[in-house]
Amino acid sequence: METVKKEHFQIAGGDIICVASKICSLAEGDVVDLKQVVPTSLARKIQQRISRKDERLIQVIIYQASDPTGSKLEISGNHIGAWLPNGLFLTSCGVDKGKNNTAITLPKNCDLTAKRISNAFCQELVVKTSMIITDSDGRADKKGANQVAVGLYGLNGLRTNNKTGTSETLCDLLAAAAGLVMGQRGINIPLACIHGLEYEKATDFSIADTVN
């Protein structure tokens with residue numbers, strides 16, 4: 001918030017703020033000391049297939065999926081994907097390797113994190129904004145990564161065509177657009193503001209509403 005004020009970052013009512021999940025995780029203390037992680041036989045077995053992955057990091061991924069059997073993990077080549085308890089499917093279940101032998105996990109409730117940030121903006125800047133928490137996500141069939149939404153507040157994450165009844169995942173479209181500015185690892189731009197978009201404003205939608 002101090003940086004926003006210091007740099008005179010212009011934010012208007014109704015703007016959509018996209019915030020990188022990693023900076024939220026660091027602020028909320030979602031950091032795991034890998035020295036304290038004991039890999040299970042499942043983690044060691046997966047590590048034999050994907051040798052580039054630390055078996056302790058794989059164990060954290062298993063923890064994040066909340067299924068010790070590994071049934072919520074999907075392994076393809078050197079790619080590990082996993083379903084979170086809220087139904088989202090993410091590369092490595094949203095787990096990143098951190099500095100100093102640590103792992104960084106997603107915030108425990110990304111929707112709640114989005115709400116807290118929105119409330120802070122309202123209190124400090126006297127402006128009502130919608131929030132999207134974004135995370136980098138890869139696909140087994142493509143090189144590189146994209147930005148997707150993992151939490152939201154203040155907007156409907158879906159945009160529906162009333163004539164056809166079909167929907168598009170608006171929150172992911174916005175996260176990907178923000179990713180053009182925020183970049184991937186090493187760019188270190190944790191926040192982007194989207195101005196001027198007409199969208200359905202609401203506080204009772206969650207990221208789970210966008211999941212099959």
Side-chain angles (χ1 to χ4, degrees), residues 18-26 28-111 113 132-152 157-158 167-169 171-173 175-176 178-179 182-187 206-212:
C18 295
V19 185
S21 63
K22 181 174 288 186
I23 194 170
C24 298
S25 298
L26 293 174
E28 296 180 8
D30 296 306
V31 179
V32 179
D33 183 355
L34 291 177
K35 295 191 294 292
Q36 303 299 320
V37 176
V38 179
T40 60
S41 59
L42 175 61
R44 293 193 294 270
K45 183 178 180 181
I46 294 173
Q47 200 274 337
Q48 290 176 358
R49 294 180 58 183
I50 306 179
S51 57
R52 66 183 179 85
K53 285 280 190 181
D54 187 319
E55 59 187 16
R56 300 169 301 172
L57 194 68
I58 294 173
Q59 186 60 51
V60 176
I61 294 171
I62 295 171
Y63 288 148
Q64 290 300 298
S66 298
D67 183 6
T69 69
S71 64
K72 291 187 177 180
L73 271 61
E74 186 176 283
I75 302 169
S76 176
N78 284 328
H79 183 275
I80 300 178
W83 280 268
L84 281 77
N86 64 5
L88 284 179
F89 182 83
L90 291 174
T91 301
S92 300
C93 216
V95 177
D96 289 323
K97 182 70 180 293
K99 297 178 180 179
N100 302 319
N101 212 21
T102 62
I104 303 171
T105 64
L106 287 178
K108 295 176 178 62
N109 185 329
C110 289
D111 290 323
T113 295
I132 296 175
I133 307 300
T134 75
D135 192 45
S136 176
D137 189 51
R139 289 170 51 124
D141 62 333
K142 288 187 177 180
K143 299 176 181 177
N146 192 16
Q147 289 281 98
V148 298
V150 293
L152 56 85
L158 296 175
S167 297
E168 56 187 357
T169 315
C171 56
D172 284 336
L173 294 174
M182 298 164 74
Q184 296 297 321
R185 186 172 299 174
I187 302 299
S206 71
I207 197 67
D209 293 316
T210 69
V211 175
N212 285 323

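In this structure, Ala43 and Pro39 approach most closely via the heavy-atom pair CB-CB, 4.1 Å. Here the closest non-hydrogen pair linking Gly157 and Leu152 is CA-CD2, 3.8 Å. Heavy atoms only, all atoms of each residue included: Leu84 and Cys93 are closest at CD1-SG, 3.6 Å. Contact record, Val150 with Cys110: O-CB, 3.2 Å, taken as the closest heavy-atom pair. Of all the heavy atoms in Cys24 and Ile133, the pair that sits closest is SG-CD1, 4.0 Å. Scanning both residues, Ala65 and Lys72, for their nearest heavy atoms gives O-CD, 3.4 Å.
For residues 30-39, the salt bridge (Lys or Arg N to Asp or Glu O under 4.0 Å) pairs, not counting sequence neighbours, are Asp30-Lys108, Asp33-Lys35. Applying the salt bridge (Lys or Arg N to Asp or Glu O under 4.0 Å) rule to pairs touching residues 134-144 yields Arg139-Asp141, sequence neighbours excluded. Pairs engaging residues 50-61 under the side-chain hydrogen bond (donor to acceptor under 3.5 Å, both in side chains) rule: Thr40-Gln59, Lys53-Ser92, Asp54-Arg56, Arg56-Asn101 [sequence neighbours left out].
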(request) Go through the steps to decide whether Ile104 and Leu26 satisfy the test side-chain contact (heavy atoms from CB on, under 4.5 Å), and finish with yes or no. (result) CA-CA 8 Å; Ile104 303 171; Leu26 293 174; 3.9 Å; yes
(request) List the steps, then state whether side-chain contact (heavy atoms from CB on, under 4.5 Å) holds for Asn146 with Asp172. (result) CA-CA 10 Å; Asn146 192 16; Asp172 284 336; over 6 Å; no
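For the side-chain hydrogen bond (donor to acceptor under 3.5 Å, both in side chains) test, no residue two or more places apart in sequence or in another chain qualifies with Asn109. Residues forming a side-chain hydrogen bond (donor to acceptor under 3.5 Å, both in side chains) with Lys45 (at least two apart in sequence, or on another chain): none. Listed by chain and residue number, nothing satisfies the side-chain hydrogen bond (donor to acceptor under 3.5 Å, both in side chains) test with Ser41 (two or more places apart in sequence, or in another chain).
Between the side chain of Thr91 and the main chain of Gly138, a donor-acceptor pair closer than 3.5 Å is present.
No more than 12 heavy atoms of other residues, nucleotides or ligands lie within 6.0 Å of CD1 in Ile23, so this atom counts as exposed by the packing criterion.
Separating the OH atom in Tyr63 from the CD1 atom in Ile58 is a distance of 13.0 Å, to the nearest 0.5 Å. The CD1 atom of Ile46 sits 6.0 Å away from atom CD1 of Ile80, with the distance rounded to the nearest 0.5 Å. To the nearest 0.5 Å, atoms OG (Ser167) and CG (Leu158) are separated by 5.5 Å. Here the CG-CD1 distance, from Leu88 to Ile207, works out to 5.5 Å after rounding to the nearest 0.5 Å. To the nearest 0.5 Å, the span separating CD1 on Ile75 from CZ on Arg49 amounts to 4.5 Å.
Put simply, the residue from Asp96, Val31, Val32 that forms a side chain to side chain contact (heavy atoms under 4.5 Å, CB included) with Thr105 is Val32.
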